Participant: 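Take a look at the following structure, please.
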Amino acid sequence: MAGTTIVITSGKGGVGKTTSVANLGTALALRGRSVVLIDADIGLRNLDVVMGLENRIVYNLVDIIEGRCRLEQAMIRDRKLNTLFLIPAAQTREKDAVHPEQMKELCEKLEQNFDYILVDCPAGIERGFRNAVAGAQKAIIVTTPEVSAIRDADRVIGLLEAELMKDINLIINRLNHKMVKRGDMMSTEDICSLLAVPLIGVIPESEEVVISTNRGIPLVHDKRSDIANAFKRIASRLEGEEIPIPTEIPGDSGILSKFKKLIWSS
């Protein structure tokens, strides 16, 4: 049975997309799945740092595409999990160094031997975005509960649908339940109604993520962490398990609650 390629994308940078790729890929590997993470953000690679693998890089994605190495030579095995691998991005090349047809061919080859291929898509909607999504059958949009991030996510969803991508899910990152209850942050329900794609998980706001990123160890390894458990539940849902997503009660009195519709329609 062939594997599945999933592109993890967002409309804007800084919403936790790369962190989500690292933790979701690790969570799937912890379930016994074989996983390859592809950093498609050519020129601005970060996934290797989040995974703590930056010192092991010899070859990169562009080296594979241009035939300077075999696929296996560029794949870096995770330090903790034998079924988790990383293909890093090239740091000194332009985003058009890889074409959509080449990315599609690479993903198809990986699907023959791995359960999941997760593609870390560059933020925005330029050439790098189109290259990254070319080989994917599914997409996960990562957004934060900010008007600008949600607007940009909505634009990306439209582009994915234009590319005939039918399986699109949503991760809401850095949700602060106290702010939601005060009405100063959009609720899960607000965001889902605006973006109109299925919600696959909610990640609460926490400084734990910053600490784990700086250490180069995905937080999902910490069994005591609520964030880790949230990513593990997303991995379970991705594999078809029906696990309820906790919802919060949206507030009514905050300024954001009063004006969010006006902001969105402007």
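Since the model is a prediction, treat every value here as computed from it, not as a measurement. The first residue of the sequence shown is numbered 1, and numbering continues consecutively from there.
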Participant: State plainly whether the residues Asp222 and Arg224 are in salt-bridge range, i.e. N to O under 4.0 Å.
Facilitator: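 Salt bridge: yes.
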
Participant: Evaluate side-chain contact (heavy atoms from CB on, under 4.5 Å) for Leu71 paired with Lys109, printing each intermediate quantity in order.
Facilitator: CA-CA 9 Å; Leu71 175 57; Lys109 187 173 182 180; 4.1 Å; yes

Participant: Looking at side-chain heavy atoms only, is the closest gap between Ile245 and Val202 below 4.5 Å?
Facilitator: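 A side-chain contact exists here, since the closest heavy-atom pair is under 4.5 Å.
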
Participant: Under 4.0 Å between a side-chain nitrogen and a carboxylate oxygen: does that hold for Glu163 and Arg130?
Facilitator: yes

Participant: Do Asp115 and Ser34 have side chains that approach each other closer than 4.5 Å (heavy atoms only, starting at C-beta)?
Facilitator: yes

Participant: Can you tell me how far the CD1 atom of Ile191 sits from the CD1 atom of Ile172, to the nearest 0.5 Å?
Facilitator: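 One finds 4.0 Å between CD1 of Ile191 and CD1 of Ile172.
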
Participant: Salt bridge check: are Glu161 and Lys166 linked by an N-O gap of less than 4.0 Å?
Facilitator: no

Participant: Check Leu160 against Ala139 and note the closest heavy-atom contact, atom names and distance.
Facilitator: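 Result for this residue pair: CD1-CB, 3.7 Å.
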
Participant: What I'd like to find out is whether the side chain of Asp39 reaches to under 4.5 Å of the side chain of Leu61, using heavy atoms alone.
Facilitator: no

Participant: Val156 and side chain to side chain contact (heavy atoms under 4.5 Å, CB included): which single residue from Thr143, Ile141, Val133 fits?
Facilitator: Ile141

Participant: Applying salt bridge (charged side-chain N to carboxylate O under 4.0 Å, His left out), can you list everything that pairs with Glu241, at least two apart in sequence or on another chain?
Facilitator: Arg31

Participant: Could you tell me if Tyr59 and Glu72 have a donor-acceptor pair between their side chains, going purely by distance under 3.5 Å?
Facilitator: no

Participant: Could you check whether Lys12 pairs with Asp152 (Lys NZ or Arg NE/NH1/NH2 to Asp/Glu carboxylate O, under 4.0 Å)?
Facilitator: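 The answer is no: the pair does not qualify as a salt bridge.
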
Participant: Met186 and Met179: same hydrophobic cluster, using ILVMFWY side-chain contacts below 4.5 Å?
Facilitator: yes

Participant: With the side chain counted from C-beta on, respond yes when Asn169 and Val197 share a heavy-atom pair under 4.5 Å apart, and no when they do not.
Facilitator: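 Asn169 vs Val197: side chains apart.
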
Participant: Can you tell me how far apart CE (Met51) and OG1 (Thr19) are? Round to the nearest 0.5 Å.
Facilitator: 11.0 Å

Participant: Do Asn23 and Thr26 have a side chain donor and acceptor closer than 3.5 Å?
Facilitator: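 No, no side-chain donor-acceptor contact under 3.5 Å.
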
Participant: To the nearest 0.5 angstrom, please state how far the CG atom of Leu175 sits from the OG atom of Ser187.
Facilitator: 8.0 Å

Participant: Measuring only between side-chain heavy atoms, which start at C-beta, is Val35 closer than 4.5 Å to Asp78?
Facilitator: no

Participant: Could you tell me whether Glu108 atom CD has more than 12 heavy atoms of other residues or ligands within 6.0 Å of it?
Facilitator: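 Atom CD in Glu108 is packed in, count exceeds 12.
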
Participant: Around atom CZ of Arg68, are there more than 12 heavy atoms of other residues, nucleotides or ligands at under 6.0 Å?
Facilitator: yes

Participant: Report the distance from atom CE of Met75 to atom CG of Asn113, rounding to the nearest 0.5 Å.
Facilitator: 8.5 Å

Participant: Closest heavy-atom contact between Pro88 and Ile57?
Facilitator: CB-CD1, 3.7 Å

Participant: State the CD1-OG distance between Ile217 and Ser212, to the nearest 0.5 angstrom.
Facilitator: 8.5 Å

Participant: Treating Ile, Leu, Val, Met, Phe, Trp and Tyr as nodes and any side-chain heavy-atom pair under 4.5 angstrom as an edge, say whether Leu238 and Val142 lie in one connected cluster.
Facilitator: yes

Participant: Decide whether Ile8 and Ile234 are clustered together by the hydrophobic rule: side chain heavy atoms of Ile, Leu, Val, Met, Phe, Trp, Tyr closer than 4.5 Å, transitively.
Facilitator: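 Linked, Ile8 and Ile234 end up in one cluster.
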
Participant: Without hydrogens or angle criteria, can the side chains of Gln137 and Thr4 be said to hold a donor-acceptor pair below 3.5 Å?
Facilitator: no

Participant: Are more than 12 heavy atoms, taken from residues, nucleotides or ligands other than Arg79, located less than 6.0 Å from that residue's CZ atom?
Facilitator: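 Yes - once you tally the heavy atoms of other residues, nucleotides and ligands closer than 6.0 Å, there are more than 12.
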
Participant: Should we count CG of Asp167 as having more than 12 external heavy atoms under 6.0 Å?
Facilitator: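 It does: Asp167 CG has more than 12 such atoms within range.
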
Participant: Judged by modelled atom types alone, do Thr18 and Asn46 share a side-chain donor-acceptor pair under 3.5 Å?
Facilitator: no

Participant: Does Val62 reach the side chain of Ile42, with side-chain heavy atoms less than 4.5 Å apart?
Facilitator: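 Yes, close enough: below the 4.5 Å cut-off.
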
Participant: Got a donor-acceptor contact below 3.5 angstrom from the Asp184 side chain to the Val180 backbone?
Facilitator: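 Judged by distance alone, no pair lies under 3.5 Å.
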
Participant: Of the non-hydrogen atoms in Met103 and Asn131, which two are nearest, and what is the gap between them?
Facilitator: CG-O, 3.2 Å

Participant: With the side chain counted from C-beta on, respond yes when Val220 and Leu30 share a heavy-atom pair under 4.5 Å apart, and no when they do not.
Facilitator: yes

Participant: Would you give the length of the straight line joining atom CZ of Arg56 to atom CD1 of Ile76, rounded to the nearest 0.5 angstrom?
Facilitator: 8.0 Å

Participant: Would a 4.5 Å heavy-atom cut-off, applied to side chains only, mark Leu170 and Ile200 as touching?
Facilitator: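 No, side chains not in contact.
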
Participant: Search all heavy atoms of Ala132 against all heavy atoms of Val7 and return the closest pair with its distance.
Facilitator: O-CG2, 4.0 Å

